[in-house]
Amino acid sequence: MNYWLLKSEPDAFSIDDLRAMPGKKDHWDGIRNYQARNMMRDDMKKGDMAFFYHSSCAVPGIVGTCEVVKEAYDDFTALDKKSKYFDPKATKDNPRWCMVDVKYKKKFKSIVSLDALKQNKKLESMTLLKKGNRLSIMPVSAKEWKIIMAMAGA
DNA sequence: GCCAACGTTGGC
DNA sequence: GCCAACGTTGGC
């Protein structure tokens, strides 16, 4: 199984929002980057675990974990003219984009901030910390997962 | 709100 | 297929 990191702006969708969903799960829609889509489509499997990351906020960082409960399927928001994720080039036959379903697992007692991650020497090579990386979905190694879970006291 | 670092688009 | 212009992300 694989580990992942999923970014979300807490103003739009936070870990508390996920926890409040029926069944504590929701579809992870709005991915509009090919690299991120390909990873989601090809490599994200049911049972994979992911960190929930809050971006573009006062304290960016990892706030908890969730689990992939449904593998990639068509992202219908690409076909919905009213959606902010509407893509005029998407068609029914070729929706271009896909999404997975994730289920809330755990919220950390305190956030593992981006700052704390940067200060951990063992995480130097982590994708998230590499300069210029703006992917909203990225792989996390089993080793990184362990280290971060320990930092969270989880 | 600024800006660096991308990714995407489209003219040629 | 090149590359300039434009759009987006996301930390600060």
Side-chain angles (χ1 to χ4, degrees), chain A residues 2-21 26-44 48-66 68 71-102 104-141 143-145 147-154:
Chain A
N2 294 311
Y3 295 103
W4 304 94
L5 181 140
L6 301 173
K7 282 187 195 171
S8 184
E9 297 186 19
D11 289 344
F13 191 74
S14 71
I15 192 161
D16 294 320
D17 293 327
L18 179 61
R19 183 166 53 182
M21 294 298 288
D26 200 9
H27 46 263
W28 201 266
D29 60 13
I31 299 300
R32 294 295 178 266
N33 170 285
Y34 288 108
Q35 242 184 301
R37 181 203 65 182
N38 293 347
M39 281 193 284
M40 190 163 64
R41 186 190 57 197
D42 303 334
D43 299 326
M44 264 199 179
D48 283 1
M49 294 294 291
F51 285 130
F52 200 114
Y53 181 90
H54 282 178
S55 67
S56 297
C57 54
V59 184
I62 297 168
V63 290
T65 59
C66 55
V68 177
E71 291 173 21
Y73 58 105
D74 293 347
D75 182 346
F76 53 78
T77 64
L79 298 167
D80 178 3
K81 275 189 182 150
K82 278 175 264 169
S83 169
K84 67 169 179 166
Y85 297 124
F86 175 67
D87 180 350
K89 287 184 181 164
T91 64
K92 254 194 169 162
D93 291 334
N94 182 20
R96 291 182 106 199
W97 307 109
C98 61
M99 57 189 177
V100 297
D101 285 356
V102 296
Y104 168 88
K105 274 309 212 186
K106 170 179 283 193
K107 184 179 178 181
F108 295 155
K109 286 197 183 96
S110 58
I111 186 170
V112 178
S113 68
L114 178 60
D115 203 44
L117 293 168
K118 279 181 185 166
Q119 280 172 27
N120 191 329
K121 284 242 161 61
K122 288 184 228 157
L123 296 173
E124 265 173 356
S125 58
M126 196 179 171
T127 312
L128 176 72
L129 305 178
K130 286 199 185 132
K131 201 177 175 186
N133 201 313
R134 301 172 312 161
L135 281 179
S136 54
I137 294 179
M138 49 183 87
V140 172
S141 74
K143 205 171 148 194
E144 289 160 355
W145 181 273
I147 293 167
I148 294 164
M149 288 302 273
M151 287 170 78

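The figures here come from the full heavy-atom set of this structure, side chains too, leaving out hydrogens, waters and symmetry mates.
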Step by step, work out the side chain to side chain contact (heavy atoms under 4.5 Å, CB included) result for Phe108(A) and Met151(A).
-> CA-CA 10 Å; Phe108(A) 295 155; Met151(A) 287 170 78; over 6 Å; no
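- Two rings, from Tyr34(A) and Trp97(A), have their centers less than 6.0 Å apart.
- When every heavy atom of Ala36(A) is checked against every heavy atom of Ser136(A), the shortest pair comes out as CB-OG, 4.3 Å.
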Walk me through it: do Arg32(A) and Thr77(A) pass the test side-chain hydrogen bond (donor to acceptor under 3.5 Å, both in side chains)?
-> CA-CA 11 Å; Arg32(A) 294 295 178 266; Thr77(A) 64; 3.1 Å; yes
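- Between the P atom of dG10(C) and the NE2 atom of His54(A) lies a distance of 13 Å, rounded to the nearest Å.
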Which parts of nucleotides 2-7 of chain B does protein reach within less than 4.0 Å, heavy atoms only, written one letter per nucleotide 5' to 3' as B for base, S for sugar-phosphate only and - for none?
-> ---BBS
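- Interatomic distance, His54(A) NE2 to Ile111(A) CD1, rounded to the nearest 0.5 Å: 7.5 Å.
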Check the pair Thr91(A) / Arg96(A) against side chain to side chain contact (heavy atoms under 4.5 Å, CB included), numbers first and verdict last.
-> CA-CA 8 Å; Thr91(A) 64; Arg96(A) 291 182 106 199; over 6 Å; no
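- Under 4.0 Å is where a charged nitrogen must lie from a carboxylate oxygen, and between Lys118(A) and Asp115(A) no such pair does.
- Backbone-only contact: Lys118(A) has heavy atoms under 4.0 Å from sugar-phosphate atoms and none from a base.
- One atom, CG of Leu128(A), and another, C1' of dG10(C), lie 11 Å apart when rounded to the nearest Å.
- Taking atom CD1 of residue Ile31(A) and atom C1' of nucleotide dT8(C), one finds them 13 Å apart after rounding to whole Å.
- For the pair Leu129(A) CG and dG10(C) P, the interatomic distance rounds to 14 Å; values are reported in whole Å.
- Using cut-offs of 30° and 60° for the angle between ring planes, the Tyr3(A) and Trp145(A) rings count as parallel.
- Using a 3.5 Å distance cut-off with no hydrogens or angles, the side chains of Asp101(A) and Tyr73(A) do pair a donor with an acceptor.
- Summary of helix geometry: the two end axes of the helix from dG1(B)-dC12(C) to dC12(B)-dG1(C), each defined by five base pairs via their C1' atoms, are inclined to each other by 10° (rounded to 10°).
- Rounded to an integer number of Å, the gap from Glu9(A) CD to dG11(C) C1' is 12 Å.
- For the pair Leu5(A) CG and dT9(C) P, the computed distance is 16 Å after rounding to whole Å.
- Note: OH (Tyr85(A)) to P (dT8(C)) measures 13 Å, nearest angstrom.
- Between the P atom of dG11(C) and the CD1 atom of Ile62(A) lies a distance of 12 Å, rounded to the nearest Å.
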